[in-house]
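Here is the structure we will look at, set down as structure tokens.
Within every chain, numbering begins at 1; the chains are lettered A, B, ... in the order of the sequence lines, protein sequences first and strands thereafter.
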Amino acid sequence: MLREIESRYEPLSLEERIEDFWIKNKIYSISREKNKGNKPFFFVDGPPYTTGNIHLGTGWNKVIKDVVLRYRTMHREYLIDRAGWDMHGLPIEVKIEEKLGFKSKKDIETFGVSKFTSECKAFALKNLDEMTRQFKRLGVWLNWEDPYMTLKDEYIEAAWWTMKQADEKNLLFKGYRVVNWCPRCETAIADAEVEYAERSDPSIFVRFRLKGSGDDASILIWTTTPWTIVSNIAVAINPSFEYAKVKAFKEGKSEILIFAYDLIEPVLKKARYEDYEVIERFSGADLIGMRYEHPLTDLIPKQQEFDHSIYPADFVEMDNTGCVHIAPGHGPDDFDLGQEYGLPVFCPVKEDGRYSEDAGAYVNLNVRDVHERVLDDLDSRGLLLWREEVTHRYGHCWRCTTPIIYRATEQWFLKISDLKETMLSEIEKVEWYPEWAGRSRFRDWVSGAMDWCISRQRYWGIPLPIWICDSCGDFKVVGGKDELRELGKIKGDIELHRPYVDEVEIGCSGCGGVMHRVEDVCDVWFDSAVASWATLRFPSMCEDFERLWPADWITEGHDQTRGWFYSQLGASVVSFGVAPYRSVLMHGFTLDESGNKMSKSLGNMVEPGEVISKYGADSLRIYLLASNAPWDDLKFNWNEVATRNRMLNILWNVYRFPLPYMILDAFDPRSVDPDTIKGHLRVEDRWMLSRVNSLIKRLDEAIEVYELHRAARAIEEFVLEDLSRWYVQLVRPRTWIERDDPDKIAAYYTLYETLKTLTLVMAPFTPFIAEEIYQNLVRGFDEDAEVSIHLCAWPNADEKLIDSRLERDMGITRELVEAVLNARQKLKRKLRWPVKEVVIVSGSADVRSAVEVFEAVILKQTNTKKITVLAEDERWERLGIEIVPDPSKIGPSFKKDAGKVIGMLKAADAAAVESALKENGSYVLDDGITVTREMVSFREVIPDDVSVSDFTAGVVYVDCELNREIRAEGFAREVIRRSQEMRKEMDLKMEDKVDLTIVIPDAVVVELISPWIDHISSEVRAAKLELGVDLACSGDTIKEWDVEGVKITIGLSRRRSEDE
RNA sequence: GGGCCCGUAGCUUAGCCUGGUGGAGCGCACGGCUGAUAACCGUGAGGUCUGGAGUUCAAAUCUCCGCGGGCCCA
């Protein structure tokens, strides 16, 4: 049986109730189990990082996933959909360090690595629970019970296995390179972990004295990192530039400088030089090999061991001085240049950013605080030409926001440079949504990729599975736990985290020595890189991997181009030589209302929970989906969420409105025979069924290519336009029929089928409200129906029911009705008052056809007695015409009589003139004056009680002339409507009967209404009705109304039923 | 500085690929309906389509150069 429902859409309680229902009945797992053995759909969840709460962007991400996965499930595909969690790495370490008040790695060592990593683990697990709860509340269905977690041994083994693959293919190597280094976290960080932000630094011009120049000439360099001067080894120039030797004058002194010729003016002007003369000009190539003296050599004894001279480099650009200071230990370009020319890598900076003994006088100073000291030292030696402050973009550690430094260290790398070609060709084989995500954006990023530094000098991460021999230096990569236990002769289990694995010693097979693990952990991006096989439990289990891999689909935000799309591709090409995914949807970012990015520091973050508690998860979901194309950035807008909430409320009302009638009539859809009912369907019913089937088609087309916004908008439009604003309005009177009537059943049937189908297709988008409606509408009747809507199959569009001609005709019909309503409004004629006639003038055959098909609809919706369609050349007889004489034609012909002719024309019978002109081309006026066709034109004259309105294919005229019949009906309907309002005020039930007294002190109106008494009685459910001019008005409620200037008093009493 | 994307009414957007009178929704104003009713519907006002240049008979749409925003990189 159907049940009546709450009058208001209350998403919060509804969604809570539905979530309980899902849990209690294990709907999620049944929905997945059910399709076991069917075509698989292998989805890999991009793992969110377990730092705390989910935000709007992560919510959007999961909602996109959820819609697609629910849709696939309804298509009876078998999903592989383990949720994933990224649980290692610096962000969590930093949080724990903050919590424990740590300042450096030393604090961690003192505290104890095992205690520290268990804190990290506990923190990650706690956040995992909280975030899972939040995702579930959004209605996101993934395998939350058995997610993949990067901290699990099983997962770590997948990473180790991959690392071993890399080693076996000679793609893993140890290198001494300049890397991004965070002096606070004391670790290397990957390019992908560097975030750029504005920062102010000194911008300095420094002289390096040339050796043996004779004239005390200096080469002029520029830098924003004074601390690297300490490690200077060389100067680079561009051999194709022109350089100059300049004598510069300032405050009565002069000096000799060498730098780029084109930059003389700006540099000397900036440094406040009064004048200069160019002594010599030469090409950059002429400078190569010249030697200079390190500026601080007296303070840094180690520098005396190095030669300093000038080298050519293409990367030198024509800005600043055109001479670049080179410190191979502190810059990637510098390092590469050093490698090319065999320069020493001088890196006198320790892990914590302080100078080592090699830095001489600077030992133990922190490179971040040393700027002033270096500048003073340069200045006192007369080597600082100019200094100022500049604001520029500078790299910072992604987690602790400390400015990074470049530092030459020994690190472990994956040799991406060898794989680039394969990676690029694999990109081509992947389907990208949108297409440019792969074609342009990702391609560009991969093209510029360098070898991947995967080692981190930290604690909480996947330990690098590399053991090095203390004696011979050989290394071994361990591919899994069993291998480790065997090699390390471990009895029992071992946790694959630091510090436990650090203690494992392995015998060296080469020299018999002892091998110890490299102390590093993995770059956390390497963790998620192996997700596509780790989620299938490969390599510990191979079956699923062989059957399912690579992934059918993944989706993440466009920041993941450099992140997960890339790391997965790299790891996969290392392991298998192919891309790990078949299709990728790249989605956008969530921005705040003014289009700026959401960030904690700006205080403009919006949390999904906040939105849900106001409007519910369904509103948020449909908003997120309908608002943008998935790949565009989404500007969050509260107002728009509210609008979606309203849309769902309208859906709720549409669903609620027929229920009381259906219940009263004990309507049971199962007892309706579709074949029999077909004969009773009205055209509007067939239209509705056509529309809903077209909707299914539109959704299929859109979802297939991930145009989720089109799909969501199609649903919204259907609910608002087709259902609420139109079909429900048409069908209402039929539901009020009290007897058993096939016309009513046809309406019920149509409404029922439409709602049922609609909720099915809405299920992926708004899973809560869809479930709620399904439970009543479908489960309410049918115990055998699926327990949940989310176990149902996606409906197939029934082509037989789709009638595009009917849909087009109805489109025209709606336009016509709107035009008529518009016209009525111009004359302020309320809909309650019928009009005599509507005349449509149109040359369109489609209009004629629409009126033929939907005449009854138009009559009813416009409350008109008659519709007439005229062709363009026909004229409705109620329209008059008027002659418009053309003085420019009449004047020349009639000269001084022209005025008279014009007057006569205006007085003439326009219709007679027109027909005469049409037939003979001329018309003879009273005085025998003949006028011809070109002398006049005609203008339509619209009577006062006729109103006009345009529509796309023509014009409608509405004849609002009042007559007795219309006045009678108008007053009758006024009485009905007033009585209904009183019933409402008295809070009567729909089936309650009343006694009605109507007093109108105007005998004419009473007489007008009299014939309508039976109709009024039945409309307001009156058992007894009295109408008169001077009756005593009685009733529980008595009210006086003013209707079009007529006083009407209505008395209303509820009739007690016999047994009361 | 470079790559990719976005910029249409106060707000959110359709249209752009394939050039031919810019459509919606929200908000606002006015009205209607009243057995969906603390709901619903209609009408109206509101646009130098981010600025400029070019191609063309014709540009929101194609091309180029700016400006603003986002992501990524240097």
Locate the shortest heavy-atom distance separating A:Trp445 from A:Thr561; write the atom from each residue and the value.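 For A:Trp445 and A:Thr561, the tightest heavy-atom pair comes out as CD1-O, 3.5 Å.
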Which nucleotide in [options] has an atom nearest any side-chain atom of [X]:
X: A:Arg562; options: B:U13, B:C73, B:G25; value: B:C73
X: A:Glu818; options: B:U12, B:C41, B:U43; value: B:U43
X: A:Asn628; options: B:U12, B:U13, B:A39; value: B:U13
X: A:Phe657; options: B:A36, B:U12, B:A39; value: B:A36
X: A:Arg725; options: B:A36, B:C41, B:U13; value: B:C41

Heavy-atom distance under 4.5 Å between the side chains of [X] and [Y], does that happen here?
X: A:Leu424; Y: A:Ser447; answer: yes
X: A:Tyr752; Y: A:Leu777; answer: yes
X: A:Pro11; Y: A:Tyr615; answer: no

Whether A:Glu721 and A:Arg814 form a salt bridge (side-chain N of Lys/Arg under 4.0 Å from carboxylate O of Asp/Glu) is what I want to check.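 Salt bridge flag = yes for A:Glu721 with A:Arg814.
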Provide the distance between the two [atom1] atoms, one in [N] and one in [M], to the nearest whole Å.
N: B:C33; M: B:A58; atom1: C1'; value: 46 Å
N: B:U61; M: B:G15; atom1: P; value: 15 Å
N: B:G52; M: B:U43; atom1: P; value: 34 Å
N: B:C41; M: B:G25; atom1: C1'; value: 15 Å
N: B:A53; M: B:A14; atom1: C1'; value: 28 Å
N: B:G68; M: B:G51; atom1: P; value: 15 Å
N: B:U18; M: B:A59; atom1: C1'; value: 14 Å
N: B:U13; M: B:C6; atom1: C1'; value: 13 Å

In whole angstrom, give the distance that lies between atom [atom1] of [X] and atom [atom2] of [N].
X: A:Tyr623; N: B:U12; atom1: OH; atom2: C1'; value: 8 Å
X: A:Asn180; N: B:C73; atom1: CG; atom2: P; value: 11 Å
X: A:Gln729; N: B:G35; atom1: CD; atom2: C1'; value: 12 Å
X: A:Leu720; N: B:U13; atom1: CG; atom2: C1'; value: 15 Å
X: A:His1015; N: B:G35; atom1: NE2; atom2: C1'; value: 13 Å
X: A:Glu435; N: B:C4; atom1: CD; atom2: P; value: 13 Å
X: A:Asn645; N: B:C26; atom1: CG; atom2: P; value: 14 Å
X: A:Asp632; N: B:A14; atom1: CG; atom2: C1'; value: 13 Å

Please work out if [X] contacts a base, only the sugar-phosphate, or nothing of the nucleic acid, heavy-atom cut-off 4.0 Å.
X: A:Thr735; result: nothing
X: A:Glu716; result: nothing
X: A:Arg713; result: sugar-phosphate
X: A:Thr643; result: sugar-phosphate
X: A:Arg1021; result: base
X: A:Glu717; result: nothing

Is the distance from OP1 or OP2 of B:U13 to the nearest side-chain N or O of A:Arg710 less than 4.0 Å?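 For A:Arg710, the contact criterion (side-chain N or O under 4.0 Å from OP1 or OP2 of B:U13) is not met.
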Using a cut-off of strictly less than 4.0 Å, decide whether A:Asn637 has a side-chain nitrogen or oxygen near OP1 or OP2 of B:C26. no
Would you please enumerate the stems RNA chain B participates in, each stem being three or more consecutive Watson-Crick or G-U wobble pairs with both distances under 3.5 Å? B:1-7 with B:67-73, B:10-13 with B:23-26, B:28-32 with B:40-44, B:50-54 with B:62-66
Tell me, please, which residues at least two apart from A:Lys614 pass side-chain hydrogen bond (donor to acceptor under 3.5 Å, both in side chains). none
Going from CG on A:Leu730 to CZ on A:Arg725, what distance comes out if it is rounded to the nearest 0.5 angstrom? 14.5 Å
Separation of A:Leu56 CG from A:Phe589 CZ (nearest 0.5 Å):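 A:Phe589 CZ to A:Leu56 CG: 12.0 Å, rounded to 0.5 Å.
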Between A:Phe636 and A:Tyr623, how do the two ring planes meet: parallel, tilted or perpendicular, split at 30° and 60°?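 Rings of A:Phe636 and A:Tyr623: perpendicular, over 60°.
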For the pair A:Phe565 and A:Phe442, name the ring-plane relationship: parallel under 30°, tilted 30 to 60°, perpendicular over 60°. perpendicular
Please write out each protein N/O paired with an N/O of nucleotides 27-34 of chain B under 3.5 Å, distance rounded to 0.1 Å.
residue	atom	partner	partner atom	Å
B:U34	OP2	A:Arg832	NH1	2.4

Neighbour count >12 (heavy atoms, 6.0 Å) for atom NZ, A:Lys420: yes
Determine, step by step, whether A:Glu772 and A:Arg3 satisfy the salt bridge (Lys or Arg N to Asp or Glu O under 4.0 Å) criterion, reporting the C-alpha distance in whole Å, the side-chain angles of both residues, the deciding distance to 0.1 Å, and the verdict. CA-CA 12 Å; A:Glu772 172 76 15; A:Arg3 63 181 167 79; 3.4 Å; yes
Check: B:G35 base within 3.5 Å donor-acceptor of A:Glu1019 side chain: no
